[in-house]
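Written out below as structure tokens is the structure these notes cover.
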Amino acid sequence: MNCIVIDDEPLARQLIESYIAKVDGLQLMKSCASAVEAFEVVHQSRVDLLFLDIEMPKVSGLDFLRSLRNPPKVILTTAYREFALEAYELDVIDYLLKPVLFERFLKSISKVYEVHAVVKRQVDRLPLADTGKDEPYLYLKEDREMIKVFLKDIIFIESMKDYVKVKTVDGQIVSYQRIGYLEEKLPDDRFIRVHRSFIIAFSWVSSYTMYGLKVGQKEIPIGRNYKQSVLKTLNKNNVIK
């Protein structure tokens, strides 16, 4: 779980950093002295958990949180109790009062994992919808939002361990999901697994060789263990006209 610590107090940052280092499954991605410093990281990288101070110069933690369209999970760290109600209205996981004890830190992490497990169960039960009249679609969860994705709009899917990046005509969605689950759900007359890290849509293949394919603007390798079935399927379906 990729973590960012945002706090203008060096000692407070160091304490949370030391706690993160003690917990298996947590990875410190960045430690920032301000919300401004963290802004680019949060928007350009996959962040799973923010440890966010409230009272900071220029941009407060709560204002920073409000600015995020799809915020990651958030644990607030502060010396002030009076922000608690406002904080929970922003759907934070927990509210830690400074100085933060390690036992209390662990309790917050347990809450994070509980939410994580619930989300995973919900995503695992997601059906592939097909009304017989409309274009089939599925819902993918990105952060706290369920996003409707039409199959015709999916260009390719890339695995990132426990997450997948779904490239669509409108952009991309990063969702907590294993690529194997989507491989089972997606219809094999539209999609094929070509590599342990990639599923591609037939309709977006513009060219291919024995070693790779061009899908949209992306060059995607064909895995050695997938080569025979991929080439056979591509030739059988006459993907390249």
Worksheet entry | Test log, rule side chain to side chain contact (heavy atoms under 4.5 Å, CB included), inputs Val169 and Phe150 | CA-CA 10 Å; Val169 294; Phe150 288 99; over 6 Å; no
Worksheet item: How about Tyr226: does its OH atom have over 12 heavy atoms from other parts shown lying under 6.0 Å from it?
Response: yes
Worksheet item: Below 4.5 Å, heavy atoms only, C-beta onward: do Lys218 and Ile155 meet side chain to side chain?
Response: no
Discussion item. Is the shortest side-chain heavy-atom distance between Leu68 and Leu50 below 4.5 Å?
Written reply: yes
Discussion item. Go through it in stages, so that I can follow the logic: the residues are Leu231 and Ile222, the test is side chain to side chain contact (heavy atoms under 4.5 Å, CB included), and I'd like the CA-CA distance, side-chain angles, deciding distance and then a yes or no.
Written reply: CA-CA 9 Å; Leu231 294 176; Ile222 298 176; 4.3 Å; yes
Fill in: Lys98, NZ atom: more than 12 neighbouring heavy atoms under 6.0 Å
yes
Discussion item. Can you give me the closest heavy-atom contact between Ala38 and Ile6, atom names plus distance?
Written reply: CB-CD1, 3.4 Å
Response to the item:
Rounding to 0.5 Å, atoms CG (Asp153) and OG1 (Thr168) come to a distance of 6.5 Å
Item to complete: Would you mind reporting whether Tyr137 and Lys152 have side-chain heavy atoms less than 4.5 Å apart?
Response: no
Fill in: Note, Leu186 side chain near Leu138 side chain (heavy atom, < 4.5 Å)
yes
Worksheet item: So do the side chains of Leu96 and Ser108 get within less than 4.5 Å of each other, counting heavy atoms only?
Response: yes
Worksheet entry | Heavy atoms of other groups near Arg196 CZ, more than 12 under 6.0 Å | no
Worksheet item: Is Leu101 linked to Leu97 within one hydrophobic cluster, defined over Ile, Leu, Val, Met, Phe, Trp and Tyr using a side-chain heavy-atom separation of less than 4.5 Å?
Response: no
Fill in: Inter-residue atom distance Asp8.CG - Met56.CE, 0.5 Å rounding
6.5 Å
Item to complete: Run the numbers on Ile109 and Tyr19 for side chain to side chain contact (heavy atoms under 4.5 Å, CB included), then give the verdict.
Response: CA-CA 11 Å; Ile109 298 305; Tyr19 289 170; over 6 Å; no
Fill in: Test applied, side chain to side chain contact (heavy atoms under 4.5 Å, CB included); reference residue, Val215; option that passes from Trp204, Phe202, Phe198, Tyr208
Trp204
Fill in: Stepwise side chain to side chain contact (heavy atoms under 4.5 Å, CB included) check, Met160 with Val174
CA-CA 9 Å; Met160 301 187 300; Val174 177; 3.7 Å; yes
Worksheet item: To the nearest 0.5 Å, how far apart are CD1 in Ile16 and OG1 in Thr77?
Response: 6.0 Å
Worksheet item: Looking only at heavy atoms, which two atoms of Ile192 and Ser229 are closest? And how far apart?
Response: CD1-O, 4.3 Å
Discussion item. How close do Cys3 and Ile20 get, counting heavy atoms only, and between which atoms?
Written reply: CB-CD1, 4.0 Å
Worksheet item: So, Asp53 and Arg13, do they make that salt bridge, N to O below 4.0 Å?
Response: no
Item to complete: Mind listing the closest non-hydrogen atom pair of Val47 and Pro72 along with its distance?
Response: O-CB, 3.2 Å
Item to complete: Say whether Val5 and Leu11 are linked into one hydrophobic cluster, either directly or through other cluster members, by side-chain heavy-atom distances under 4.5 angstrom.
Response: no
Practice prompt. Could you tell me the separation between the CD1 atom of Ile220 and the CG atom of Leu213, rounded to the nearest 0.5 Å?
Written response: 7.0 Å
Item to complete: Using atom types as modelled and distance alone, determine if a side-chain donor or acceptor of Ser175 lies under 3.5 Å from a backbone N or O of Lys141.
Response: yes
Practice prompt. Could you tell me the separation between the CD1 atom of Ile4 and the CD atom of Glu37, rounded to the nearest 0.5 Å?
Written response: 9.5 Å
Fill in: Rounded distance (nearest 0.5 Å) linking atom CE of Met1 with atom OH of Tyr176
8.0 Å
Discussion item. If I compare all heavy atoms of Gln217 with all of Lys214, which pair ends up nearest, and what's the gap?
Written reply: CA-CE, 4.5 Å
Discussion item. Are Asp63 and Arg66 packed together at the side-chain level, in the sense that at least one heavy-atom pair is separated by less than 4.5 angstrom?
Written reply: yes
Discussion item. A side-chain contact here means heavy atoms from C-beta on lying under 4.5 Å apart; do Val59 and Phe39 qualify?
Written reply: no
Discussion item. Heavy-atom count check: over 12 atoms from other residues, nucleotides or ligands less than 6.0 Å from Glu40 CD?
Written reply: no
Worksheet, complete the sentence: Nearest heavy-atom contact between Gln172 and Glu142 is O-OE2, 4.1 Å
Worksheet item: With a 4.5 Å limit on heavy-atom distance, are the side chains of Leu76 and Leu62 in contact?
Response: yes
Discussion item. Looking at Gln27 and Asn2, would you say the former's side chain and the latter's main chain have a donor-acceptor pair under 3.5 Å?
Written reply: no
Worksheet item: Does a sphere of radius 6.0 Å around CZ in Arg224 hold more than 12 heavy atoms from other residues, nucleotides or ligands, not counting ones at 6.0 Å or beyond?
Response: no
Fill in: Note: Lys107-Asp94 ion pair, threshold 4.0 Å (strictly below)
no
